[in-house]
Amino acid sequence: MIGRTLGAAGLRVSGLGLGCMGMSDLYGPADEEESIATIRAALDAGITLFDTGDYYGHGHNELLLGAALRGVPRERFVVSVKFGALRDPGGAWLGIDTRPAAVKNAIGYTLKRLALDHIDIYRPGRLDPAVPIEETVGAIAELIRAGYVRYLGLSEVGAETVRRANAVHPVLDLQIEYSLISRGIEATILPAARALGVGITAYGVLSRGLLGGHWARDRALPKGDIRNHLPRFSGDNLGRNLELVETLRMLAQAKGATAAQLAIAWVLARGADIVPLVGARRRDRLTEALGALEIALTSDDIARLESAVPAGAAAGTRYDARQMGILDSER
Ligand SMILES: NC(=O)c1ccc[n+]([C@@H]2O[C@H](COP(=O)([O-])OP(=O)(O)OC[C@H]3O[C@@H](n4cnc5c(N)ncnc54)[C@H](OP(=O)(O)O)[C@@H]3O)[C@@H](O)[C@H]2O)c1
């Protein structure tokens, strides 16, 4: 496993991280035993970075990750946790609460569910429009001083919010969507993060499965699968996007790789400060994702790939219009 360094603080993590969200939420039913086996297999393969959120499955994801990590020496893994999203019992999104009191309340439950005495990276899942980022970060800084958290992270915020947060306490990393077909961070967010020494943990590197090469046009999505509401998976957009995936598959074949591997390898090649989080929910998908580490992309390969799948080539935005309107990273 290759290693990467996150942020100016220099946290060493594996070059690929495992995002656990889909094991509890948003991508239809998952098999709990297989999820735990996947986390264990990731550890065996040298993955050290595991991402979760307290609102993924109302705590289920943290309980699952905690169970999979039980007995594993603490120095072998880094846990990144998001908090703040409010959801009703049916899973509907109600908003975000990152007031200092909410931050300090949430972490107690997280520590219990994960059965850990500290969290490595703690981050608000979204910017709370009602709470200055300085106040939220101040509360996390207090948790850091008290030993409950090691590092501050952010998620889906824009350059100005990163700067404001970093002025209160150093930001280790920004978690944000980044893939061949979601390249919005390149204009201002990525340069700002680099100037401040803030690392990037990239999610959605397969655009939530779209670029994985396993998507079928007629795939039926169960109720509660977020992709029912994502423009890239709907109607004509899906057909056009799957044509891009065919192009990707052909380029991948020439490298002896799969479409998913090439998409992950492209993100890996974007900089040593970027760590892709892969959302594998099963061991076979994890094995495939790990294969991306074996692909050496030349500058010619990258140029060919970016001209076949240019920035902005995807049909549809990465979230629905309501979400796009409230994302700080899209301002
Ligand atoms: N900060 C945020 O706002 C935010 C938002 C979303 C996610 N995240 C984090 O980022 C992680 C990754 O995000 P994501 O799940 O959307 O990313 P992703 O890797 O783009 O998509 C994961 C999906 O890709 C499919 N897939 C196909 N081939 C795969 C392969 N070889 N390896 C892995 N997956 C493959 C899987 O579908 P099948 O299981 O059907 O095969 C899986 O459902 C999440 O788990 C979560 O921790 C953060």
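Each ligand, and each atom within it, is numbered from 1 in the order the structure gives.
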Closest to atom 3 (O) of ligand 1 among K82, H214, R126 (heavy-atom distance): R126
side-chain hydrogen bond (donor to acceptor under 3.5 Å, both in side chains) partners of residues 162-174, not counting sequence neighbours, each pair once: R123-D173, E134-R164, E160-R163, D173-T201
Side-chain cluster (under 4.5 Å, hydrophobic types only) that L94 belongs to, other residues: L86
Sidechain N-carboxylate O distance under 4.0 Å for R99, D97: yes
R113 and H60: side chain donor to acceptor below 3.5 Å: no
Residue and atom name of the nearest protein heavy atom (relative to atom 25 (C) of ligand 1), distance in Å to one decimal: G209 CA, 3.6 Å
Option with minimal heavy-atom separation from atom 47 (O) of ligand 1, where the choices are V278, D51, L16: D51
Side chain, backbone, both or neither: the part of A280 lying under 4.0 Å from ligand 1 by heavy atom: both
Heavy-atom nearest neighbour in the protein, as seen from atom 30 (C) of ligand 1, with distance rounded to 0.1 Å: R285 O, 3.6 Å
Cation-pi geometry met for R217 and W215 (6.0 Å, 45°): no
Identity and distance of the protein heavy atom lying nearest atom 39 (O) of ligand 1: R281 NE, 2.9 Å
Protein contact to atom 15 (O) of ligand 1 [nearest heavy atom, distance to 0.1 Å]: Y27 CE1, 3.3 Å
Lys/Arg-Asp/Glu bridge criterion (N-O < 4.0 Å) met for R270, E306: yes
Identity and distance of the protein heavy atom lying nearest atom 26 (N) of ligand 1: L206 CD1, 3.8 Å
Contact bool for atom 37 (O) of ligand 1 (protein heavy atom, d < 4.0 Å): no
Y178 and W266 aromatic ring geometry - parallel, tilted or perpendicular at 30°/60° bounds: tilted
contact_flag R219 ligand 1 heavy-atom lt 4.0 Å: yes
Within-cut-off N or O pair, A260 and ligand 1, under 3.5 Å: no
